[in-house]
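Have a look at the structure below, then the notes.
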Amino acid sequence: MRVETLAGVVLIVMGIILLLIGVAPRMLESVPKLHPIIYTQVSLGGLKIGTSPLAIIILTIIYLLLALKS
């Protein structure tokens, strides 16, 4: 399997997991808080934006490795 294909599959799976993590706290109020490095959510009025700093760091490293490789 090519590196790009594997990275794409990993990104899709991570995206699905992050979507589920964002929906889960609304559905289950008893869900414990996640560590901020795993998932961070910011509210701007009625808009909620969620991201994963850990995923951003990992993806930046992968991008730099692929950029240096070519």
Side-chain angles (χ1 to χ4, degrees):
M1 184 178 292
R2 294 180 59 187
V3 175
E4 294 86 4
T5 306
L6 181 62
V9 170
V10 170
L11 288 175
I12 290 171
V13 170
M14 286 177 60
I16 291 170
I17 290 171
L18 288 175
L19 284 174
L20 292 175
I21 289 173
V23 172
R26 284 183 239 137
M27 296 173 70
L28 304 168
E29 293 297 325
S30 63
V31 174
K33 292 290 244 175
L34 293 172
H35 195 277
I37 191 103
I38 296 173
Y39 182 73
T40 302
Q41 187 171 0
V42 177
S43 297
L44 301 172
L47 178 67
K48 293 184 179 181
I49 301 171
T51 187
S52 172
L54 183 62
I56 293 171
I57 292 168
I58 291 170
L59 294 174
T60 303
I61 291 170
I62 291 172
Y63 176 77
L64 291 173
L65 290 174
L66 291 174
L68 292 174
K69 181 180 175 183
S70 58

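Source: prediction; values computed, not measured.
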Can you give the donor-acceptor pairs under 3.5 Å from side chains of residues 52-60 to other protein atoms, not counting sequence neighbours?
residue: Ser52; atom: OG; partner: Ile38; partner atom: O; Å: 2.8
residue: Ser52; atom: OG; partner: Ala55; partner atom: N; Å: 3.2
residue: Thr60; atom: OG1; partner: Ile56; partner atom: O; Å: 2.7

Pairs involving residues 11-21, ordered by first then second residue, that meet side-chain hydrogen bond (donor to acceptor under 3.5 Å, both in side chains) (sequence neighbours left out):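 Checked against side-chain hydrogen bond (donor to acceptor under 3.5 Å, both in side chains) - neighbours excluded - no pair reaches residues 11-21.
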What side-chain hydrogen bond (donor to acceptor under 3.5 Å, both in side chains) pairs are there with at least one residue in residues 7-16, not counting sequence neighbours?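 Every pair satisfying side-chain hydrogen bond (donor to acceptor under 3.5 Å, both in side chains) with a residue in residues 7-16: there are none.
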Tell me who clusters with Leu68, hydrophobic residues only, linked when side chains sit under 4.5 Å apart either directly or through other members.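 Traced through the cluster, Leu68 reaches no other member.
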Got a sec, which pairs hit salt bridge (Lys or Arg N to Asp or Glu O under 4.0 Å) with one end in residues 3-15, sequence neighbours left out?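 Of all non-adjacent pairs touching residues 3-15, those that pass salt bridge (Lys or Arg N to Asp or Glu O under 4.0 Å) are Arg2-Glu4.
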side-chain contact (heavy atoms from CB on, under 4.5 Å) partners of Ile12, counting only residues at least two apart: Ile16
